[in-house]
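Both backbone and side-chain heavy atoms feed into the values below; hydrogens, waters and symmetry mates do not. Positions are given from 1 along the sequence.
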Amino acid sequence: MDTLAHTIEVSEPSVNFAAEMRQEAMGKFPPLGPPDIVSVKKEHSPSYGKTVEQTYYHCVRGYDVSSEEAVSAYIASLVSAGFRMGSWYQQSSGGRWQIQKVWYRSYCILNKLDIVVTADIPGSVAVCGLNADGNEVEVTQDMWKDSFLSAACRHIRRVGDAPIYPCMKVYDLFADSALEEQMLTYALDLQDKWHLAGTNRAYKHEGDRSEGGCADSHIATTIYDHFASQARFQQAVDFFKDRASKRDPECAVHAARAYIAQGNLEVAVELLEDVLKQLPNSKLASCVMLEALSSRGEFEGAERFYESHKETVVSDSLAVINVAQAMAKAGKFETALTTLNLAEMPTPPLDPLLRELIPAKSSKTTHEYSKEKLADFDAARIIGLRLKEERRPGLDKNLNELPAKMMTETDRAAYDVLVTILEAIGWESVLEVRSKCFIMRDDVEKRWKQIEDQAREAEAGDAGDADADADGGAEEDHQPTVTEEEQNGHDESAGDTPEAGSSMKDAEAEKGKRGTSGEEDLRPVALTSESLAEEEYNELSISSSPGPQPSTANKVSSIEKVTNKRLCQLWLDYLVMTIFEDLRCKREMMAELRDKEAESVPLDTIVKETILTGVDWLRRAQLSRRLRMRNETISCLEISRQLYEKKSKLGLAAHMEWMDFYVSEGEVQSSLQQIASVVDDIYTLLPRTRRIESVNQVRTAVFRLVSKAGLRNVRAAVDDMDEKSSSRINPVLLDAVNWHVHRYDD
């Protein structure tokens, strides 16, 4: 056996395959970089025959990489793992295995290079930096600080979980509180370089950053999210307001975000006003100010702030989304949609390294993989096993493939705006409002063709009138006979034709002013010369003579001017389609939850009659949460739980969803019951090496519950639980006190 103890490894198809792919992809890494990667070169010496060399790799996250000594300790643990297991180092009838060399690579997001620690066994340890060009760089103390800070940020963001990296070893980096303080200290030491990490804010122009240069970087937002996810808002205030803002005043904005999360809105607004006095063009401060005003219910104030800071706010997508949310809550739905359309959605970063490590074939990345096809590529086999375990396939593939599952953080914020409008006016009215506000991209060519046809008809009509005038001048002395009058159509009603035409034009113009409603709004509006002002018609008129056609941008600009509508951005159109797909699945779900008389069907009846699995009902619960359907969420979660129990299966994912839902609702008893169930599942289902991530989720859930209900109420409820559950949860409550979680003293 050539596998290390407690470490699943991937056998490489060629020597140093993973290292070479990592080096090639370094210039295109995602902002925080990939997880650390460890390559191990092993040698097999058979009793007879040729010695065989083979390299393996695995990924690491959450390990202390602050120095050469710390990394060397990890390498030493790999070597000693073989002795603990006792078999594969020792001589056997088939020969023996030995570790020849180990490479540990950790990416520095500020310096844009890998720190490589190479251990020759037996021998020495060497350290160097490798940049994207493959050139070696001398490693300085600041680079080690960068390495540790980068690893900490990746650990907080759970890099490597989605998308999945194969053979990931996860450590609890902040189990020792001293390492958290070390992260904060290193972050302050490198604060003037934070902007090199990039930002996750979607600015319209490259380099369009707020003043200060580091408050909106990945470093700052990740540190804030670390505190906020655990409801440690006071620590966030202490770090950003008292420490980080000394060098960059804009960092105080994150302290204001912490005040908003605490519900201390007055202090948050005062702090943001101070920041805006110093930095009036701060996009980050403007964005959070809009959030604070909306949280206070001052929707008109948010609109006025937006109008007065429009030049600053309009280039920040999150700020624009906050304005749209305020307008939606105020009932100004058309304004909300047109404002939302101003946002620019960031393109999710790709991970070229993972694409190289795992072949892009569906059979190798789903649970339906073929072992024969994967025999020559170990990484695909291992990741296929993990996907098979985690995806838990259900019967309804539509639920698993809903596009809303792939939304980014910014997409979810925009999705919530649409849900707010949907709750207020319903789906049909949402489509009507969209039709009044936007030109759909598919309609541009169709409407432009209508304009071209009408322009040519108008030119042909003008030419015919000119010919008729010429003929009339030549025969002005000729008196037409009755027959000629009949042929020319002159009767008593002929004199009424111009008046009738004018009346029709007035009616069309009035109709254009009033607009349309209902289904008419969903159809393309024909642009005719009768419905346009003279100067607008002249601008849009098309010559019949051959010539270059206008560009699509010019067509859109002209149509927007005439219709007073804007072109709907592709991402917003896709988001509307996303919510439509959710509603379609919701309709199917409601058909099972309620009978023809719209009365609720007993859950026991549904459990007996449904053909779907517990996973499908769990996905329906997630769908209901996205659409803010509380009662349906509870029903779907309960059905999912009963279906799992019916098949004698422990559903860790179902209990996790239950736990997160009840904690968000602040229900103490139900939350603690689900937390206890999750803990039981963790110790029953997961091996020891894979419990760390789930344990951290449980701890975060307890902290959030304390911040919502207060420590006193949570402790009283824990005391009423059984001895095993209370003994598991009480230590987490002590951590809540030690780390000063919000309302720990309540």
Stepwise side chain to side chain contact (heavy atoms under 4.5 Å, CB included) test for Trp739 and Ser177 | CA-CA 9 Å; Trp739 287 357; Ser177 58; 4.3 Å; yes

Any side-chain donor paired with an acceptor under 3.5 Å for Glu250 and Ser282?
-> yes

Do Tyr259 and Val237 come within less than 4.5 Å of each other through their side chains, counting heavy atoms only?
-> yes

Do Phe148 and Asp64 have side-chain heavy atoms sitting under 4.5 Å apart?
-> yes

Exercise: identify the closest heavy-atom pair between Val139 and Gly129 = CG2-N, 3.5 Å

Walk me through it: do Lys112 and Tyr107 pass the test side chain to side chain contact (heavy atoms under 4.5 Å, CB included)?
-> CA-CA 7 Å; Lys112 309 300 181 187; Tyr107 183 68; 3.4 Å; yes

Donor-acceptor contact present, side-chain Gln230 to main-chain Val741, <3.5 Å = no

On a heavy-atom basis, the closest approach of Gln182 and Ser66 is NE2-CB, 3.3 Å

When the ring planes of Phe227 and Phe239 are compared, do they come out parallel, tilted or perpendicular, using 30° and 60° as the limits?
-> tilted

Would you say the side chains of Asp120 and Ser124 form a donor-acceptor pair under 3.5 Å?
-> no

Say whether, by atom type as modelled, one donor and one acceptor occur between the side chain of Asn738 and the main chain of Leu734 under 3.5 angstrom.
-> no

Kindly determine whether Asp238 and Gln234 satisfy side-chain hydrogen bond (donor to acceptor under 3.5 Å, both in side chains), including the steps that lead there.
-> CA-CA 6 Å; Asp238 294 341; Gln234 189 56 47; 3.1 Å; yes

Search all heavy atoms of Leu271 against all heavy atoms of Ala256 and return the closest pair with its distance.
-> CD2-N, 3.7 Å

Should the pair Lys42-Glu12 be classified as a salt bridge under the 4.0 Å nitrogen-to-oxygen rule?
-> no

Hits for ring pair (Phe, Tyr, Trp, His ring centres under 6.0 Å) against Tyr744, two or more places apart or cross-chain, chain-then-number order -> His740

Would you confirm whether Ser147, through its side chain, and Met143, through its main-chain N or O, come within 3.5 Å as a donor-acceptor pair?
-> no

Check ion pair Glu53-Lys41 (N to O, under 4.0 angstrom) | yes

To the nearest 0.5 angstrom, please state how far the CG atom of Leu711 sits from the CG atom of Asp745.
-> 8.5 Å

For the residue pair Leu113 and Met26, what are the closest heavy atoms and their distance?
-> CA-SD, 4.0 Å

Aromatic ring centroids of Phe174 and His226 under 6.0 Å?
-> yes

Do the ring planes of Phe233 and His742 sit parallel (below 30°), tilted (30 to 60°) or perpendicular (above 60°)?
-> perpendicular

Main-chain N/O of His195 paired to Ser217 side chain as donor or acceptor, under 3.5 Å = no

Value rounded to 0.5 Å, distance of CG in Asp142 from CG in Leu190 | 5.5 Å

Determine, stepwise, if the pair Val137 / Cys128 fulfils side chain to side chain contact (heavy atoms under 4.5 Å, CB included).
-> CA-CA 6 Å; Val137 180; Cys128 71; over 6 Å; no

Would you please classify the geometry between the Tyr171 ring and the Tyr74 ring as parallel, tilted or perpendicular, with 30° and 60° separating the classes?
-> perpendicular

Between the OG atom in Ser677 and the CE atom in Met656, the distance rounded to the nearest 0.5 Å is 11.5 Å

How about Ile682 and Val698: do any of their side-chain heavy atoms sit closer than 4.5 Å?
-> yes

Please assess Leu672 against Val718 for the test side chain to side chain contact (heavy atoms under 4.5 Å, CB included), listing each intermediate value before the final yes or no.
-> CA-CA 7 Å; Leu672 290 175; Val718 170; 3.7 Å; yes

Indicate yes or no: at least one non-hydrogen side-chain atom of Val10 is less than 4.5 angstrom from one of Cys167.
-> yes

pair Val127-Trp144: side-chain heavy atoms closer than 4.5 Å = yes

Any pair with a residue in residues 126-141 that passes side chain to side chain donor-acceptor pair (under 3.5 Å), sequence neighbours left out, goes on the list, sorted by first then second residue, please.
-> none

Could you verify whether a donor N or O on one side chain and an acceptor N or O on the other, from Thr408 and Asp411, lie under 3.5 Å apart?
-> yes

4.5 Å side-chain heavy-atom contact, Val79 and Ile121 | yes

Test log, rule salt bridge (charged side-chain N to carboxylate O under 4.0 Å, His left out), inputs Glu409 and Arg157 = CA-CA 13 Å; Glu409 179 182 355; Arg157 293 294 189 189; 5.2 Å; no

Measure the spacing between CD of Glu181 and CG of Leu184 and express it to the nearest 0.5 Å.
-> 5.5 Å

Is there side-chain contact between Ile219 and Cys153, with heavy atoms separated by less than 4.5 Å?
-> yes

Asp660 pairs by side-chain hydrogen bond (donor to acceptor under 3.5 Å, both in side chains) with which of Arg704, His655, Gln697?
-> Arg704

Does the Arg247 side chain pair with the main chain of Leu188, one donor and one acceptor, at a distance under 3.5 Å?
-> yes

Quick one: do Arg22 and Asp114 make a salt bridge, cutoff under 4.0 Å?
-> yes

Checking Arg61, His58, Arg154 against Asp36 for side-chain hydrogen bond (donor to acceptor under 3.5 Å, both in side chains), the one that qualifies is Arg154

Scanning both residues in full, the closest heavy-atom pair of Met168 with Gly160 reads CE-CA, 3.5 Å

Between Lys193 and Asp146, is there a side-chain N and carboxylate O pair less than 4.0 Å apart?
-> no

Interatomic distance, OG1@Thr55 vs CD@Gln100, rounded to 0.5 Å, equals 12.5 Å

Just wondering, do Val102 and Thr118 contact through their side chains at under 4.5 Å, heavy atoms?
-> no

Could you grab the distance from atom OH of Tyr63 to atom CG of Leu173, nearest 0.5 Å is fine?
-> 11.0 Å

Where Asp316 and Leu284 come nearest, the two heavy atoms and their spacing = OD2-N, 4.4 Å

Which of these, Val116, Ile115, Val125, Val60, sits in a side-chain contact (heavy atoms from CB on, under 4.5 Å) with Tyr104?
-> Val60

